[in-house]
Number of protein chains: 2
Amino acid sequence: MDEPGRPDVTDLASRIGRVAAPLRSQVLDVLREAILTMRFAPGQRLVERELIDMTGVSRTTIREVLRELAAEGLVRTIPQKGAVVVSLSAEEAEELYELREVLEAHLARRFVAQAPDSALVALRRAFTRLEDVVERGGTTLDIVQAKDLVYDVLLDGAGNSALRASLSQLHARVTLLRVGSLSSDPGRPAQSVAEMRELVEAVEARDASAASAAMVAHVRAAARLGIAAMRAPATAR
Amino acid sequence: MDEPGRPDVTDLASRIGRVAAPLRSQVLDVLREAILTMRFAPGQRLVERELIDMTGVSRTTIREVLRELAAEGLVRTIPQKGAVVVSLSAEEAEELYELREVLEAHLARRFVAQAPDSALVALRRAFTRLEDVVERGGTTLDIVQAKDLVYDVLLDGAGNSALRASLSQLHARVTLLRVGSLSSDPGRPAQSVAEMRELVEAVEARDASAASAAMVAHVRAAARLGIAAMRAPATAR
DNA sequence: TACTGGACGATTGTCATACGTTCGGTCATG
DNA sequence: CATGACCGAACGTATGACAATCGTCCAGTA
């Protein structure tokens, strides 16, 4: 793949070409972020006019972004009423966690089966970072980010972009609960780290079944808390 | 479910409310259909102006639809160049089939585990229909539709809408190959039916493992042909 | 008082138009 | 033949407009 004597053109292209980031995608990122960090609460209406004032872009752009968010499953578009931030029912939450279980179990297997050694190193590094953040009591946001990084490494190593796409979408939707579940129980982050340690060690031992099992255990634990936390506060509907 | 003495309000609502089907969603359906039936070939550019002339709707609407198609993974939007019908590389095809394998194996298990008897009946009926269509040599489109019906029953019975959403998206993307793989080999449809018969019988025997295995076998067989067919004609890229 | 009916404002759905920017190809020129 | 200026096509974004719809408030009536 590499041509040693020549400068890496690909890298140049990615650096130069991207100065012109489509305005639309920037807005998309901002709004997605706002939803996932609960700056927009589930159930909240996203009125076009307000988004326009908020972002400074035209209605055209806003509307296109809302379509994308809808297709990603982060907002629901009610005819003649507009976009509303998705709020999950307990049932839907269970369904999502069930899917995560299946996909992440596969992710673990895939990673063990075919990740190069460099990916193992990266995984250990990302996990250590997660440990650090949790130990020194980072904010929920910090923890989530560190965790996302771990997943990122896993997805890279698994080398299946379709899996990445599906899981990313799933994670985004589950995140609408995860913030709640992580912050609800002070002991959860540490527990979560312990679960991931199981995973990392199984992976390093190249034990696919153990890794898969550890991942399933992790998702199940998250699911238990996530769903419990959601049944309790009775999110109106 | 039925209240014999009273008119069915739900039905009325679904009949009346839907007269005002958002124009946008109609266009979305039409374009999606056109892509999945290869009326738009993979790699083909979708020029906004042409779509406008073709559908009679405004550019605004067309663009919003294109955003949704992009988020669904059916078109790719190249900055400053516009929408292009996705064309899968052999690698991506393999990734998609791998995912299908995982998700459909789970689908089979879920169905066995929790589908009500009525779903079993529906499954048998849908499968019989598929048999019929294949036996009397229906068109590729007929076969695909009959098969989609089988999957629909399976997804209904599994009762996980998130799984349905993920698999639907996957199927849509795989369909960009499937038409080719089904029509390439005259014996394939019959073989495919045989594989599904395994599945149906395993399901009827309430044997989750067998059902899952049958499903995996089915997907693998489809994958083998689909990928082979795609490496052969060298789809330009 | 409670209910019906209608007016009104807010917001979405859709359209038409406009303009700067970028990409790709043509064509003249050295 | 290669280079660079030129030009048209198409996209990205913005603006303004108007009908249709939904929710709400208010007045009139039983």
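Every chain is numbered from 1 and lettered A, B, ... according to where its sequence line falls, protein lines coming before strand lines.
Residue B:Thr61 is in sugar-phosphate contact alone, with no base atom involved, counting any heavy-atom pair closer than 4.0 Å across all strands shown.
B:Glu101 and B:His106 share no side-chain donor-acceptor pair at under 3.5 Å.
The CG atom of B:Leu66 sits 9 Å away from the P atom of D:dG12 (whole-angstrom rounding). Residue A:Glu64 contributes atom CD, which lies 8 Å from atom C1' of D:dG12 at whole-angstrom precision. Distance CZ (B:Arg45) to P (D:dA9): 13 Å, rounded to an integer number of Å. Between A:Ile62 atom CD1 and C:dT14 atom P the separation is 18 Å, expressed in whole Å. In this structure, A:Arg49 places its CZ atom 9 Å from P of C:dT11, rounding to the nearest Å. Rounded to whole Å, the distance from CD1 on B:Ile52 to P on D:dA9 is 15 Å. Going from atom CD of B:Glu48 over to atom C1' of C:dT17 covers 15 Å, rounded to whole Å. One atom, CG of B:Asp53, and another, P of C:dC15, lie 13 Å apart when rounded to the nearest Å.
B:Arg110 and A:Glu98 are joined by a salt bridge, as a carboxylate oxygen and a charged side-chain nitrogen come within less than 4.0 angstrom of each other. Contact check on B:Arg32 versus B:Glu72 returns a salt bridge, with a Lys/Arg side-chain nitrogen under 4.0 Å from an Asp/Glu carboxylate oxygen.
The base of D:dA14 sits within donor-acceptor range of the side chain of A:Thr60, with an N or O pair under 3.5 Å. Remark: the A:Arg59 side chain and the D:dG16 base include no donor-acceptor N/O pair separated by less than 3.5 Å.
In this structure, the side chain of B:Asp142 engages the main chain of B:Thr139 through a donor-acceptor pair within 3.5 Å.
Between D:dC11 and B:Arg63, no contact under 4.0 Å exists linking OP1 or OP2 to a side-chain N or O.
Of the candidates C:dG13, C:dT14, D:dT13, C:dT14 carries the atom nearest the B:Ser58 side chain, counting heavy atoms from C-beta on.
The residue among A:Lys81 and A:Arg24 whose nearest nucleotide of DNA chain D is located toward the 5' end is A:Arg24. For the pair B:Leu46 and A:Gly56, both in contact range of DNA chain D, the more 5′-proximal nearest nucleotide belongs to B:Leu46.
Two residues are said to be in side-chain contact when any heavy atoms from C-beta on lie closer than 4.5 Å; A:Leu31 and A:Phe40 meet this criterion.
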